Amino acid sequence: MGLQDFVRVLRMPTLPSFMYMIDGILPGMRRRDWLFFFLSIVPSVMTWSEPSPSVREIEMTKAEKRKKQRQEQKWALIQEIQTAHSSGKSISRLAREYELDWKTVKKYLQMTTPPLVHRRKRKTPISLFLDRVIELESQGQTVSSIDSLLRKEGYAGTFSAVRTAVETIRRNRKRNDPSTLEHRITRKQLAYWIWSPYHRLSEKEKMDLEQCLKTYPAARPVYEVVQEYREAVDQRDYDRFLVWLRGQLSDSKQPFYSYAKRLRSDLQAVKHAFLLPYSNGVLEGQINRLKTIKRMMYGRAGLDLLEKRVLYRL
């Protein structure tokens, strides 16, 4: 079989002629329409707090760990100098051995507790907007949305400065009240849970999902519609699918009205996907393989070599 015969086979119609990737629901929908609809019913970040069964130890950041390590090393050096001085070494000798100023050595000898580090905070572009950052963060805004809102108000600093400010606010809030456990669920995470089969979620994810649906009841009908769709597909129940389709087409305000119209426009192929065991998955895989090989060879080979590589191991 030559390459032309192989391509002719790829172009032959299959049963069904169009096999929808029903298990991957989101690729079949217009993602922009779905996200726009979801934007209107839940905020970008959902937060709630509950009493923690035990006081949690807040994990330090890498910068804080490095700072603590430097302080411990400095205190160990001070104690070493104090021990050497008590053994009879003079201040000038200690200054030469440790390559320190004699005034610094003298100051170390007078210390009885580890030194405290108090750095003066510099004024940065974000300093003028800290109160605004606190306000926006408390409203559940993301770092990206906070940055865009601040720039509309005149902020000209960097994005990393905004991110650092938000992270500091959140970290300080946890440390001020370590006895409470704060939950932060993003809109993207909630959307993923809504699309996922319920039995695939962990127990914690199920609890967080239920809390989100309880806090924002407008999202529950969407969740029920999606799960009804998934169950009809998983069970290959075409009649149940038709009931779901009619419900979505009954009102243009339904969340999946546009998607349902697309399914209705090619209902015969969708019916075949439900009732027949055939799939064009192999065909799609071979087309993807052919295109990948063509891209790998672009500008470096001709049709003869392409034919050999396509037919290799077939």
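Note that the coordinates shown come from a computational prediction; the quantities given were computed from them, not determined experimentally.
Clustering ILVMFWY residues whenever any of their side-chain heavy atoms sit less than 4.5 angstrom apart, transitively, puts L77 in the very cluster that holds I91. Linking Ile, Leu, Val, Met, Phe, Trp and Tyr whenever their side-chain heavy atoms come within less than 4.5 Å leaves L303 and Y298 in two separate clusters. If you chain together hydrophobic residues whose side chains sit under 4.5 Å apart, F274 and V243 never meet in one group.
Residue-environment remark: NZ (K68) stays at or below the threshold of 12 foreign heavy atoms within 6.0 Å. The number of heavy-atom neighbours closer than 6.0 Å to OH of Y192, taken from other residues, nucleotides and ligands shown, is 12 or below.
Ionic pairing of K308 and D304 is not present here: no N-O contact between side-chain nitrogen and carboxylate oxygen is shorter than 4.0 angstrom. By the 4.0 Å N-to-carboxylate-O rule, E205 lies too far from R200 to be salt-bridged with it. With salt bridges taken as basic N to acidic carboxylate O contacts below 4.0 Å, one links R132 and E135.
To the nearest 0.5 Å, the span separating CG on L130 from CG on L150 amounts to 9.5 Å. One distance of note links CZ of R163 with OG1 of T168; it measures 11.0 Å at 0.5 Å rounding. The OH atom of Y155 sits 6.5 Å away from atom CG of D147, with the distance rounded to the nearest 0.5 Å. To the nearest 0.5 angstrom, I146 atom CD1 is 7.0 Å from I169 atom CD1. Note: K188 NZ to T142 OG1 = 12.0 Å, rounded to the nearest 0.5 Å. The structure places NZ of K214 at 9.5 Å from CZ of R220, a figure rounded to the nearest 0.5 Å.
Side-chain atoms of E231 and P197, non-hydrogen and from C-beta on, never get closer than 4.5 Å to each other. With a 4.5 Å cut-off on side-chain heavy atoms, L245 and L267 count as touching. Contact of the L290 side chain with the Q286 side chain is not registered, since no non-hydrogen atoms from C-beta on lie closer than 4.5 Å. At a threshold of 4.5 Å between non-hydrogen side-chain atoms, the residues Y108 and E80 do not count as touching. At least one side-chain heavy atom of V222 sits under 4.5 Å from a side-chain heavy atom of F256. Contact annotation: the side chain of K106 approaches that of Q110 to within less than 4.5 Å [non-hydrogen atoms, C-beta and beyond]. Put simply, the side chain of L209 reaches to within 4.5 Å of the side chain of Y223, judged on heavy atoms. At a threshold of 4.5 Å between non-hydrogen side-chain atoms, the residues Y216 and L190 do not count as touching.
In this structure, the side chain of R151 engages the main chain of G157 through a donor-acceptor pair within 3.5 Å. Here the side chain of Q254 pairs no donor or acceptor atom with the backbone of D251 at under 3.5 angstrom. R236 places a side-chain N or O within donor-acceptor distance of the main-chain N or O of A273, the cut-off being under 3.5 Å.
Across all their heavy atoms, L94 and A84 have their closest contact at CD2-CB, 3.6 Å. Of all heavy-atom pairs between S90 and H85, the closest is C-CD2, 4.5 Å. Across all their heavy atoms, S196 and R230 have their closest contact at C-CD, 4.4 Å. Across all non-hydrogen atoms, the minimal contact from L306 to M297 is N-CE, 3.5 Å. Minimum heavy-atom separation, V133 to A165: CG1-CB, 4.4 Å. For D208 against I185, the heavy-atom pair with the smallest separation is OD2-CD1, 4.0 Å.
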List the steps, then state whether side-chain contact (heavy atoms from CB on, under 4.5 Å) holds for W102 with S92. CA-CA 6 Å; W102 70 271; S92 58; 5.9 Å; no
Please walk me through it: do I126 and T164 pass side-chain contact (heavy atoms from CB on, under 4.5 Å)? CA-CA 10 Å; I126 194 64; T164 302; over 6 Å; no
Test M207 against E210 for side-chain contact (heavy atoms from CB on, under 4.5 Å), laying out the working first. CA-CA 5 Å; M207 293 174 59; E210 186 59 33; 5.9 Å; no
May I have the step-by-step check of side-chain contact (heavy atoms from CB on, under 4.5 Å) for Y257 and K253, ending in yes or no? CA-CA 7 Å; Y257 175 78; K253 295 182 179 180; over 6 Å; no
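Between W75 and the choices Q73, Q79, E72, the side-chain contact (heavy atoms from CB on, under 4.5 Å) rule is met once, by Q79. Each of W244, Y259, W195 was checked for a side chain to side chain donor-acceptor pair (under 3.5 Å) with Y229, and the lone residue meeting it is Y259. With E307 as the partner, the side-chain contact (heavy atoms from CB on, under 4.5 Å) test is satisfied by one option alone out of V310, L305, L311: L311.
Side-chain contact, T158 with S160: a donor N or O sits under 3.5 Å from an acceptor N or O. Between the side chains of Q82 and S86, no donor N or O sits under 3.5 Å from an acceptor N or O.
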